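What follows is a short report on a single structure.
Predicted model, so just to flag it, every value in this text is computed and none were measured.
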Amino acid sequence: MRLRVEFTTEPFDLDEAPAHAVVAREVIQSAELDAVDVGPFGNTAEGGADEVLTAVDSLLRQALASGATRVSLQVNVIAEDPK
């Protein structure tokens with residue numbers, strides 16, 4: 001099964017990325033995921049179910065420990081690429 005995760009962390013700071021946002025992005029970028037897209041107002045990544053769920057666990061723990069007061073996320077099952 002493949003999953004797509006979309007997430008944002010709060011509070012926002014338009015002048016400089018807060019520590020929790022930087023940490024969340026680093027977690028996703030260093031995870032064994034593909035199709036990673038990070039941006040100022042939202043982030044997405046895709047991968048196998050185990051990899052995505054492991055990354056989400058780490059993202060939540062580390063972002064909250066780094067000052068996030070809210071983490072909004074959505075996880076969707078996506079179709080496998082036919083090969």
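- Counted by atom type alone, Ser58 and Gln62 present one or more donor-acceptor pairs between their side chains at under 3.5 Å.
- Within the model, atoms CG of Leu73 and CZ of Arg70 stand 11.0 Å from one another, a figure rounded to the nearest 0.5 Å.
- Contact between Asp15 and Asp13 at its shortest, heavy atoms only, is N-OD1, 2.9 Å.
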Can Arg2 and Asp34 be said to form a salt bridge (charged side-chain N to carboxylate O under 4.0 Å, His left out), step by step? CA-CA 11 Å; Arg2 288 186 53 79; Asp34 42 79; 2.8 Å; yes

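- Met1 and Ile78 end up in different hydrophobic clusters when Ile, Leu, Val, Met, Phe, Trp and Tyr side chains are linked at under 4.5 Å.
- When the shell of 6.0 Å around CD of Glu32 is examined, it contains 12 or fewer heavy atoms from other residues, nucleotides or ligands.
- Atoms CD and CG, from Gln74 and Leu3 in turn, are 12.0 Å apart once rounded to the nearest 0.5 Å.
- Summarising the geometry of Thr9 relative to Ala24, their closest heavy-atom pair is CG2-CB, 4.0 Å, with the distance given to 0.1 Å.
- Listed here is the closest heavy atom pair of Val52 and Glu46: CG2-C, 4.2 Å.
- In terms of hydrophobic clustering, with Ile, Leu, Val, Met, Phe, Trp and Tyr side chains grouped at heavy-atom distances under 4.5 Å, Val71 and Val75 are assigned to a common cluster.
- Formation of a donor-acceptor pair under 3.5 Å by the Asn43 side chain with backbone atoms of Phe7 is found in this model.
- Annotation: the span from Arg25 atom CZ to Leu59 atom CG amounts to 11.0 Å, rounded to 0.5 Å.
- Closest of all the heavy-atom pairs between Val23 and Ser66 is CG2-OG, 3.5 Å.
- Side chains of Asn76 and Glu6 form a contact here, defined as non-hydrogen atoms less than 4.5 Å apart.
- The shortest heavy-atom contact between Ala55 and Val27 is O-CG1, 3.7 Å.
- For His20 (side chain) and Thr69 (main-chain N/O), no donor-acceptor pair under 3.5 Å exists by modelled atom type.
- Val22 and Leu64 are assigned to two separate hydrophobic clusters, defined by single-linkage of ILVMFWY side chains at heavy-atom distances under 4.5 Å.
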